[in-house]
Amino acid sequence: MKLVGIAGSIADQSYNRTLLNFIAKHFEGLVDVEVLDINDVPMFNQDNDQTNSAVIQNLSKKISTADGVIIATPEHNHTVPAALKNVIEWLSYEIHPFDGKPVMIVGASYHTQGSSRAQLHLRQILEAPGVNAVVLPGNEFLLGKVKEAFDENGDLKDQNTVNFLQTTLQNFIKFAQVINLISKTEDYEEEDLSAKEGTDTTIQGVDMNADDWLDQAAKKVHAVDGDTYVKLDSGLLTVNQLDYFLKTMPVELTYVDENNQFIYYNKTGSAEDMLAKRVPSQVGDALDKVHPKISRVIKHVKQVINTLRTGKTDLVSMPVPGGDESKSHVMHYYKAMHDEEGNYKGVNEWAVDIKPIVDQYLHETGQKLVKDPNAEIDATSGASEKPEVKVDVTSSASKH
Amino acid sequence: MNKFIAIVGSNSNKSTNRELLKYMQRHFQPQAEIELVEIAGLPIFKKSADKYVPQEAKEIAKKIESSDGVIIATPEYDHSIPAVLSSALAWLSYGIHPFVDKPVMITGASYGSLGSSRAQAQLRQILDSPELKARIMPSSEFLLGHSLQAFDDNGNLNDQDVAKELDGLFKDFLQFVNISKQLNNANVVNKQKVEKFSWDKD
């Protein structure tokens, strides 16, 4: 999980910054915390909108892409420092990076209060509609008498305090996971099939819809090929070996990344021999380019991807319509891929004709298929003709 | 006649809080002299080793010191007072303490219906802090909602009921100021205490 930390002080010497640096260092194994700087933010003024300045845009971007925010606030005159309030004003005026963002409040002060009143004000501020952050309830972390709290290495001296901080941080991590899951459950309409937003692995500066995207993009990132070894999580193969391996898979594989860009398929043969027709020039295309521009098709693609992205289900399966059932029964499967931290990383799609498998099974076990008189099969219907499959896409079409 | 300093809590050129204070300045002219003070020129509050305070803040402090009371008009940004006002109050309590025992009347205007209610509640708490230690008029609240529609072309309040409410509150404030002048037995001690007070010390 990736968090950003904001120290609410711009003073040269700030114990709240020390506290955030301690959190970042001490809990490194638990969470990744980047401490942001709010020193050069101009005074908020409606008449002089500086939303587009580099310093505000940078803060906004860091907050938007983080899984959560930790704010460490001092207390000035029973409230948060003007410098901190000022940053929040910029980030609630024309842009709203805190919207739906999990936030944890901590604070340190010289006296016994530990910024208690400032923290309450900060809660009210973060609740305002223009900010709309989701603040962790309870779990108050008030560090009083801060001058004696740290040793010369910037580490908290009191083990009980460290333990309590760890508990609150663990609670926040769980809270952030849940809040982010809720926030991510967007309507499928927001799926951008044109893939224009990009992600950290998107190759910039190459037209993704170009026919030779693969060559251009490979050149751009100096991709390895041929006999170069690639270390995988449980194996070591050359690029050639990987190709031999993937091309002989008994299924047709397609990789669509989290940005809705089609970036790979295992070319098992020429397009006319494939169950799902793919050609090399399609590689790199945005999903809206590889699907027909028919609204019900687009809608269905968006529904499937959004269902996977938001975690409503991990697997969508559907038969390909219009085939001769006596010869083949082609199924398409769409499985959500995730990184180690559970972030959605795209779709692993495979197409497979299950008829030979069923036939072989029947042959080897001496059985045969008979019609079910009670079944309500609509064998010709494909998913693309039935957009109403919507979220119960986990069920196969045979139930429809 | 009482002399009041009226702090415009916004740095916007088209502030309805400024409009409200200008109305009060004109409307209450027979009863008090009101001088508007702008805080837009002040930098964001920052602590420094040498406890530097900008000259402009010192001048505002001087005006407050020699006044009989302060009127603050605050907008509401994100449920609280604007950073620019918070910053000004921080400067006006950093080594200088013009607000100690000073009578303060809180007002505020907002475009919506709430009239800066939450910002005013926070402002009360802020003015109560040890280094400001102002004497806020109790049991009074003036919330001017829908402030864009509140004034006519001459800058007068459209709604007579609202105008009457403010008349009453201002009259109360004048009496509160007079009572406050008699409640000054601890003032010298209070001033000394705040001079010595520091969050940095135990």
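Just so we're clear, the structure is a prediction, and the values are computed from it rather than from any experiment. Chain identifiers are assigned alphabetically (A, B, ...) following the order of the sequence lines, protein sequences preceding nucleic acid strands; residue numbering begins at 1 within each chain.
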Region of [X] in contact with chain A, defined by heavy-atom distances below 4.5 Å:
| X | value |
| --- | --- |
| Leu85(B) | neither |
| Leu42(B) | backbone |
| Pro43(B) | backbone |

Mark yes when over 12 heavy atoms from residues, nucleotides or ligands other than [X] sit less than 6.0 Å from its [atom1]; otherwise mark no.
| X | atom1 | value |
| --- | --- | --- |
| Asp50(B) | CG | yes |
| Glu197(A) | CD | no |
| Gln55(B) | CD | yes |
| Lys191(B) | NZ | yes |
| Lys157(A) | NZ | yes |

Got a second to check how far Ile10(A)'s CD1 is from Lys46(B)'s NZ, nearest 0.5 Å?
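Reported to 0.5 Å precision, the distance equals 5.5 Å.
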Minimum-distance pair of heavy atoms, taken over all atoms of [X] and [Y]:
| X | Y | answer |
| --- | --- | --- |
| Ala83(B) | Met43(A) | C-SD, 4.5 Å |
| Asp47(A) | Asn11(B) | OD2-O, 3.9 Å |
| Asp78(B) | Ser92(A) | OD2-OG, 2.7 Å |
| Tyr77(B) | Lys85(A) | O-NZ, 2.8 Å |

Would Val84(B) and Asn45(A) count as a side chain to side chain contact (heavy atoms under 4.5 Å, CB included) if you check the C-alpha gap in whole Å, the side-chain angles of each, and the deciding distance to 0.1 Å?
CA-CA 8 Å; Val84(B) 67; Asn45(A) 187 330; over 6 Å; no
Quick one: do the His78(A) and Gln122(B) side chains pair a donor with an acceptor below 3.5 Å?
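His78(A) vs Gln122(B): no donor-acceptor pair found between side chains.
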Hey, are the side chains of Ser87(B) and Asn86(A) touching, using non-hydrogen atoms and a 4.5 Å cut-off?
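Contact flag for Ser87(B)/Asn86(A) side chains = no.
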Quick one, Tyr94(B) and His76(A) - any side-chain contact, counting heavy atoms below 4.5 Å?
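No, their side chains stay 4.5 Å or more apart.
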Evaluate Ser86(B) against Thr79(A) for side chain to side chain contact (heavy atoms under 4.5 Å, CB included), listing each step before the verdict.
CA-CA 9 Å; Ser86(B) 177; Thr79(A) 191; 4.2 Å; yes
Measure Val80(A) against the heavy atoms of chain B and call it side chain, backbone, both or neither at under 4.5 Å.
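For Val80(A), backbone heavy atoms alone lie under 4.5 Å from chain B.
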Of the backbone (N, CA, C, O) and the side chain (C-beta and beyond), which part of Val87(A) lies under 4.5 Å from a heavy atom of chain B, both, or neither?
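When you check distances to chain B, no heavy atom of Val87(A) falls under 4.5 Å.
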Between His121(A) and His79(B), is the side chain to side chain contact (heavy atoms under 4.5 Å, CB included) condition met? List the steps.
CA-CA 9 Å; His121(A) 275 193; His79(B) 290 180; over 6 Å; no
Residues Asn77(A), Ser93(B); criterion side chain to side chain donor-acceptor pair (under 3.5 Å); working and verdict
CA-CA 8 Å; Asn77(A) 292 336; Ser93(B) 55; 3.0 Å; yes
With respect to chain A, which residue among Pro82(B), Ser48(B), Ala90(B) yields the maximal number of heavy-atom pairs within a distance under 4.5 Å?
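Maximum pair count with chain A is reached by Pro82(B).
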Intermediate values then yes/no, salt bridge (Lys or Arg N to Asp or Glu O under 4.0 Å), Lys47(B) and Asp12(A)
CA-CA 8 Å; Lys47(B) 282 185 187 176; Asp12(A) 298 331; over 6 Å; no
